[in-house]
Amino acid sequence: MERVNAVRKTMKRAALSQQQIVDMALILASEDSVHNVSFRKLADRLSVTPMAIYRYFDDKEALQAAMLDQFIINARVLPDSPLNWEQWLLHTSDKMYAALCSEPGWITLFGQIQLKPGALAVMDECLMTLEDVGFSIETAIESFFILFQNLLGAVCLNTAFNNSEGQGIAIDMDSIQPFTSVKNNLHRLNKVDHRDLLKKGMMLLVKELREEM
């Protein structure tokens with residue numbers, strides 16, 4: 001509620017702006033889901049008409065693109081100070097993991113909406129960081145997508161294993177009896193640290209890249 005009031009106070013001092021709309025939309029997304037943010041809900045929260053939102057965004061896709069970009073900027077996934085390429089990969093993947101685990105609904109939007117400066121800055125810095133130490137652009141691009149695929153997989157698994165009921169991975173217990181290894185190790189499966197596995201995956205990538213140098 002404090003964030004909502006802060007946006008409203010800003011509106012009282014000045015006319016409605018695109019930034020105020022995006023900020024409020026992110027608040028709504030954090031309260032529910034990015035997919036449930038509608039122009040009407042947003043207008044109600046901002047105490048304006050839906051047409052006021054349409055003056056800045058043609059459709060929901062355009063709004064979501066701006067929201068995703070601000071979400072990435074707010075997450076501050078890029079290092080504040082220079083890191084070597086190995087530290088950069090580990091730092092950035094971990095920061096992205098933490099951000100997406102807090103709001104995993106963003107995952108389904110990747111590839112569906114246009115990437116804007118916040119997302120492009122992450123991609124560009126990754127490519128430049130690897131190119132600057134002598135890796136080819138082809139290797140840099142492959143490394144970025146390996147990072148991204150590992151990241152999305154880790155976030156998806158973390159979300160699936162830590163469902164709202166807190167019961168771990170969803171398994172039909174009536175069907176588990178013949179599968180001895182799964183049955184006997186179910187408690188271990190539910191205790192897997194997906195953040196740690198992401199780090200291990202990134203370390204394997206770093207090891208492979210070192211061998212190419």
Side-chain angles (χ1 to χ4, degrees), residues 3-4 18-19 21-46 50 53-54 56-78 89 91-127 141-172 189-190 192-202 205:
R3 291 170 63 196
V4 174
Q18 179 171 307
Q19 188 61 53
I21 294 170
V22 172
D23 289 343
M24 186 63 78
L26 287 174
I27 292 172
L28 288 175
S30 68
E31 294 173 353
D32 187 0
S33 165
V34 61
H35 301 286
N36 293 331
V37 176
S38 67
F39 279 40
R40 183 167 296 281
K41 288 180 182 178
L42 189 51
D44 288 344
R45 190 66 70 92
L46 289 167
I53 311 296
Y54 278 107
Y56 294 91
F57 299 100
D58 293 335
D59 50 34
K60 188 173 181 177
E61 183 176 301
L63 173 62
Q64 287 178 335
M67 290 170 62
L68 174 60
D69 205 58
Q70 191 63 51
F71 173 79
I72 294 171
I73 293 171
N74 291 350
R76 299 185 63 180
V77 301
L78 294 176
L89 290 173
H91 167 92
T92 306
S93 60
D94 187 68
K95 293 282 284 186
M96 292 170 73
Y97 175 86
L100 288 172
C101 279
S102 69
E103 295 184 41
W106 290 107
I107 291 178
T108 57
L109 292 180
F110 286 114
Q112 297 184 32
I113 57 178
Q114 291 183 337
L115 298 182
K116 289 181 172 288
L120 294 173
V122 177
M123 184 184 298
D124 193 64
E125 186 164 318
C126 180
L127 300 182
I141 290 171
E142 287 180 358
S143 299
F144 172 79
F145 282 110
I146 290 172
L147 182 160
F148 202 59
Q149 289 174 11
N150 285 345
L151 168 70
L152 295 187
V155 174
C156 286
L157 286 171
N158 179 75
T159 303
F161 277 57
N162 295 281
N163 55 57
S164 58
E165 289 78 21
Q167 297 173 349
I169 186 172
I171 290 179
D172 179 4
L189 288 169
N190 287 329
V192 170
D193 185 338
H194 297 284
R195 190 172 197 164
D196 185 58
L197 288 185
L198 172 63
K199 182 178 180 180
K200 289 179 179 178
M202 295 308 301
L205 172 61

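In this chain, residues are counted from 1 in sequence order.
The CG atom of Leu198 sits 11.0 Å away from atom CG of Leu157, with the distance rounded to the nearest 0.5 Å. In this structure, Phe144 CZ and Glu125 CD are separated by 11.5 Å, a value rounded to the nearest 0.5 Å. Note that the CG atom of Leu28 and the CG atom of Asn36 stand 10.0 Å from one another [nearest 0.5 Å]. Note that the CG atom of Leu78 and the NE2 atom of His91 stand 7.5 Å from one another [nearest 0.5 Å]. In this structure, CG in Asn158 is found 10.5 Å from CG in Leu197, a value given to the nearest 0.5 Å.
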Open item on the list: Could you go through Ser93 and Asn150, starting from their C-alpha distance and side-chain angles, then the distance that decides it, and tell me whether this counts as side chain to side chain contact (heavy atoms under 4.5 Å, CB included)?
Closed with: CA-CA 9 Å; Ser93 60; Asn150 285 345; over 6 Å; no
TODO: Test salt bridge (Lys or Arg N to Asp or Glu O under 4.0 Å) on Asp44 and Arg40 and set out the steps.
DONE: CA-CA 6 Å; Asp44 288 344; Arg40 183 167 296 281; 5.5 Å; no
- [ ] Start with the C-alpha distance between Leu100 and Leu152, add both sets of side-chain angles, then the distance that settles side chain to side chain contact (heavy atoms under 4.5 Å, CB included), and finish with yes or no.
- [x] CA-CA 9 Å; Leu100 288 172; Leu152 295 187; 4.3 Å; yes
- [ ] For the pair Glu31 and Lys41, evaluate salt bridge (Lys or Arg N to Asp or Glu O under 4.0 Å) and give the outcome as yes or no after the intermediate values.
- [x] CA-CA 12 Å; Glu31 294 173 353; Lys41 288 180 182 178; over 6 Å; no
- [ ] Show the numbers, then the answer: is there a side chain to side chain contact (heavy atoms under 4.5 Å, CB included) between Met67 and Leu109?
- [x] CA-CA 11 Å; Met67 290 170 62; Leu109 292 180; over 6 Å; no
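For the residue pair Val37 and Ala29, the shortest heavy atom distance occurs at CG2-N, 3.7 Å. Nearest approach of Leu63 to Ala25, heavy atoms of both residues: CD1-CB, 4.3 Å. Considering all non-hydrogen atoms of both residues, Ile73 and Gly118 come closest at CG1-CA, 3.9 Å. Leu205 approaches Ser143 most closely through the heavy-atom pair CD2-O, 3.9 Å. For the residue pair Lys95 and Ala75, the shortest heavy atom distance occurs at CE-O, 3.9 Å.
Looking at residues two or more places apart in sequence or on another chain, you find a side chain to side chain contact (heavy atoms under 4.5 Å, CB included) between Ile53 and Ile21, Phe39, Leu42, Ala43, Leu46, Val48, Phe57. Legend: residues meeting salt bridge (charged side-chain N to carboxylate O under 4.0 Å, His left out) with Asp124, ordered by chain and number and at least two apart, are absent.
At most 12 heavy atoms of other shown residues, nucleotides or ligands fall within 6.0 angstrom of atom CD in Gln114. Counting heavy atoms of neighbouring residues, nucleotides and ligands inside a 6.0 Å radius, atom CZ of Phe110 exceeds 12 of them.
A distance-only check finds a donor-acceptor pair linking the side chain of Lys60 to the backbone of His35 [under 3.5 Å].
Here the side chains of Tyr97 and Lys199 are not in contact, with every heavy-atom distance at 4.5 Å or above. Contact check for Cys156 versus Ile107: side-chain heavy atoms found under the 4.5 Å cut-off. The shortest side-chain heavy-atom distance between Met123 and Phe148 does not fall under the 4.5 Å cut-off. For the pair Leu147 and Met96, the minimum side-chain heavy-atom distance is below 4.5 Å.
Using a 4.0 Å cut-off between a side-chain N of Lys or Arg and a carboxylate O of Asp or Glu, Asp94 and Arg195 qualify as a salt bridge.
Residues in residues 66-77 take part in these salt bridge (Lys or Arg N to Asp or Glu O under 4.0 Å) pairs, two or more places apart or across chains: Arg76-Asp80.
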